[in-house]
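Scroll down for the structure; my scribbles are underneath it.
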Number of protein chains: 2
Amino acid sequence: MIEKILTTPSLPTVRRLPTYLRLLKELQDEKQHYVSSTYIAERFQLEPIQVRKDLAAMGIVGQPRLGFAVTELTCAIMQFLGWNNASEAFLIGAGNLGSALAGYSGFADYGLNIVAAFDVDKSKIGTRIHDIKVFPLQKLPDLALRLHVHIGILTLPAAAAQTTTDMLVQAGITAIWNFTPVKLMAPKGVIVEKVDLAASLAVLSRSVKEKLPLKIAQGA
Amino acid sequence: MIEKILTTPSLPTVRRLPTYLRLLKELQDEKQHYVSSTYIAERFQLEPIQVRKDLAAMGIVGQPRLGFAVTELTCAIMQFLGWNNASEAFLIGAGNLGSALAGYSGFADYGLNIVAAFDVDKSKIGTRIHDIKVFPLQKLPDLALRLHVHIGILTLPAAAAQTTTDMLVQAGITAIWNFTPVKLMAPKGVIVEKVDLAASLAVLSRSVKEKLPLKIAQGA
DNA sequence: AAGTTATCGATAATTATTTATCGATAACTT
DNA sequence: AAGTTATCGATAAATAATTATCGATAACTT
Ligand SMILES: NC(=O)c1ccc[n+]([C@@H]2O[C@H](COP(=O)([O-])OP(=O)(O)OC[C@H]3O[C@@H](n4cnc5c(N)ncnc54)[C@H](O)[C@@H]3O)[C@@H](O)[C@H]2O)c1
Ligand SMILES: NC(=O)c1ccc[n+]([C@@H]2O[C@H](COP(=O)([O-])OP(=O)(O)OC[C@H]3O[C@@H](n4cnc5c(N)ncnc54)[C@H](O)[C@@H]3O)[C@@H](O)[C@H]2O)c1
């Protein structure tokens with residue numbers, strides 16, 4: 001009997017995974033079959049031991065002197081993140097940012113597929129942004145049910161963020177990717193992940209002001 | 001003689017500051033003069049002690065039973081981040097995401113002012129995106145020098161990210177807000193802050209996957 | 001005026017995350 | 001075939017960040 005007591009990876013670990021994935025794709029294109037933690041670390045200015053810990057958290061094992069099998073590693077991370085089979089998502093707010101996201105082809109790599117957009121602006125309803133149809137917001141609950149969509153991407157004005165969130169939750173949305181600067185309140189069981197531009201800019205501003213080089217922020 | 005031995009705030013602390021700032025603005029509008037760490041914590045689902053530590057790192061003191069003076073606190077954070085006097089920035093890559101950022105009015109609150117955009121696409125050069133003029137990329141060094149701009153916002157294709165970064169550094173850009181998924185290499189002294197959508201999505205995806213106990217890691 | 005209490009700040013404890021150490025392994029070299 | 005070495009994984013140590021404790025303060029209540 002095999003017991004898989006994988007330690008649940010820490011949040012910082014999860015955040016680093018897509019970076020690894022990107023490199024792995026590159027290596028695959030170059031027909032590299034193995035990659036060492038040393039090499040990965042060098043590419044991203046991390047410590048080899050940290051990379052190894054991250055990968056170990058995924059349950060994969062490396063080979064001494066060779067490193068990790070590229071395809072195996074890729075699969076493991078993809079599977080871990082659930083990026084191998086795409087999730088469908090709704091975009092709520094078809095404005096500037098919403099349009100940019102709608103047109104972003106990169107999400108295909110991230111297992112995300114925006115299937116419909118919603119707005120309250122009559123001039124936008126019925127149009128398409130980058131081939132994604134814009135529906136009136138009221139249609140969302142019905143469509144969520146029929147299409148079995150459980151992910152919402154929030155790109156609407158801050159003022160409307162919380163009330164719309166409440167509505168989304170009511171409509172069965174259980175995961176929200178929040179691009180607004182609002183701290184959303186949602187019931188337990190509903191996942192909210194915020195893309196906090198202000199926080200990121202704060203780090204930049206602070207570094208600029210202090211003229212001290214960025215401390216080990218994750219990624220650069 | 002007063003010695004200010006302020007502990008340099010940790011990165012997580014800096015990241016939380018804009019959130020506080022947002023609430024403070026709200027309180028100011030409501031003519032609230034004081035706010036307690038308890039209240040702030042409640043609003044953002046943090047611990048009061050953490051809020052107090054964050055604020056203490058800024059060198060401000062609270063009043064027992066009352067809390068912190070709203071305006072004083074606001075000023076302290078604004079000053080700390082350098083958001084009281086706007087920094088001018090260049091936008092490099094006037095595509096989907098670049099346009100969204102160019103049209104974002106919220107940056108005014110963050111002390112950021114996009115003064116020009118740059119692109120290599122001839123059909124974009126000479127046009128304006130949300131009132132910001134688009135210049136040919138080659139013009140950047142000259143304009144950076146003349147306008148004393150030191151911040152660059154990278155919203156161009158991943159493939160061009162590193163070479164363009166090298167050019168920016170050459171042109172005197174010392175701070176880069178990187179929206180591409182590339183880990184940029186830059187000389188010491190150049191600050192790079194990455195907005196990592198993939199990392200954010202990874203966290204969301206992971207949470208979603210973990211919540212669905214359909215198949216629990218049955219083999220690889 | 002005296003007692004109560006919400007909140008603060010300093011210090012300590014705990015938890016999370018990163019980094020170091022080191023023996024084991026197996027590919028590579030000679 | 002034997003020795004060398006890059007790399008792994010397990011365990012331990014160090015560092016970073018969060019959370020708890022508690023006496024001090026001063027606004028509020030009675
Ligand atoms: N544009 C950026 O670069 C940027 C950067 C950081 C954060 N944000 C945040 O993203 C959000 C959107 O920004 P934007 O620049 O795209 O704004 P925008 O005004 O261009 O777009 C907002 C869209 O939401 C729609 N909308 C309004 N109320 C709605 C509702 N109740 N339901 C559905 N749709 C509704 C509007 O009609 C509009 O189309 C804002 O919260 C903003 O703070 C934007
Ligand atoms: N659109 C999104 O929602 C989104 C999300 C996450 C990350 N990103 C990243 O942001 C970047 C831009 O994405 P986008 O969707 O806006 O792409 P886009 O293709 O719409 O825009 C890119 C722009 O950069 C210009 N460009 C190309 N090479 C250039 C160069 N060397 N110098 C200056 N400009 C150049 C192009 O002409 C184009 O106008 C990409 O790296 C992408 O991965 C975008």
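Computed from a prediction, not measured in an experiment: that's the story for all the values here. Letters A, B, ... mirror the listed sequences (proteins, then strands); counts begin at 1.
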How many Å lie between OH on A/Tyr34 and P on C/dA26, as a whole number? 12 Å
Send over the distance from B/Glu47 CD to C/dA16 P, rounded to a whole Å. 13 Å
Of A/Ile49 and B/Tyr39, the one whose closest DNA chain C nucleotide lies more 5': B/Tyr39
How many whole angstroms separate atom NZ of B/Lys53 from atom P of C/dA12? 12 Å
Between A/Ser10 and A/Pro64, just flag the one whose closest nucleotide in DNA chain C comes earlier from the 5' side. A/Ser10
Answer yes or no: does a side-chain N or O of A/Arg16 lie under 4.0 Å from OP1 or OP2 of C/dT18? yes
When all nucleic acid strands are considered with a 4.0 Å heavy-atom cut-off, which category describes B/Thr13: base, sugar-phosphate, or nothing? nothing
Does atom CD (B/Gln79) have a neighbourhood of more than 12 heavy atoms from anything else shown, all under 6.0 Å? no
Can you check the A/Leu46 CG to C/dT18 P distance for me, whole Å? 9 Å
In whole angstrom, give the distance that lies between atom CZ of A/Phe68 and atom P of C/dT25. 16 Å
Which one is paired to D/dT30, where only Watson-Crick or G-U wobble pairs with both distances under 3.5 angstrom count? C/dA1
Measuring from atom CD1 of A/Ile77 to atom CD of A/Glu72, what distance do you get when rounded to the nearest 0.5 angstrom? 11.0 Å
Assign each of B/Gln50 and B/Arg65 to its nearest nucleotide of DNA chain D by heavy atoms, then name whichever residue's nucleotide is nearer the 5' end. B/Gln50
A/Leu55 side chain near A/Tyr20 side chain, heavy-atom distance below 4.5 Å: yes
Could you give the CZ-to-C1' distance, from B/Arg15 to D/dA16, as a whole number of Å? 13 Å
Is the phosphate of C/dC8 approached by B/Arg52 (side-chain N or O, under 4.0 Å from OP1 or OP2)? yes
Decide, yes or no, whether a salt bridge links A/Glu47 with A/Lys53 under the criterion of side-chain N to carboxylate O below 4.0 Å. no
Using a cut-off of strictly less than 4.0 Å, decide whether A/Ser36 has a side-chain nitrogen or oxygen near OP1 or OP2 of D/dT7. yes
For D/dT25, the Watson-Crick or wobble counterpart (both distances under 3.5 Å): C/dA6
Between D/dT7 (C1') and A/Ile60 (CD1): distance, integer Å: 14 Å
Would you say the ring centroid of A/Phe118 lies under 6.0 angstrom from that of A/Phe90? yes
Verify the contact: side-chain N or O of B/Gln63 to OP1 or OP2 of D/dA27, cut-off strictly under 4.0 Å; return yes or no. yes
Check the distance between C/dT18's C1' and A/Leu11's CG and give it to me in whole angstrom. 15 Å
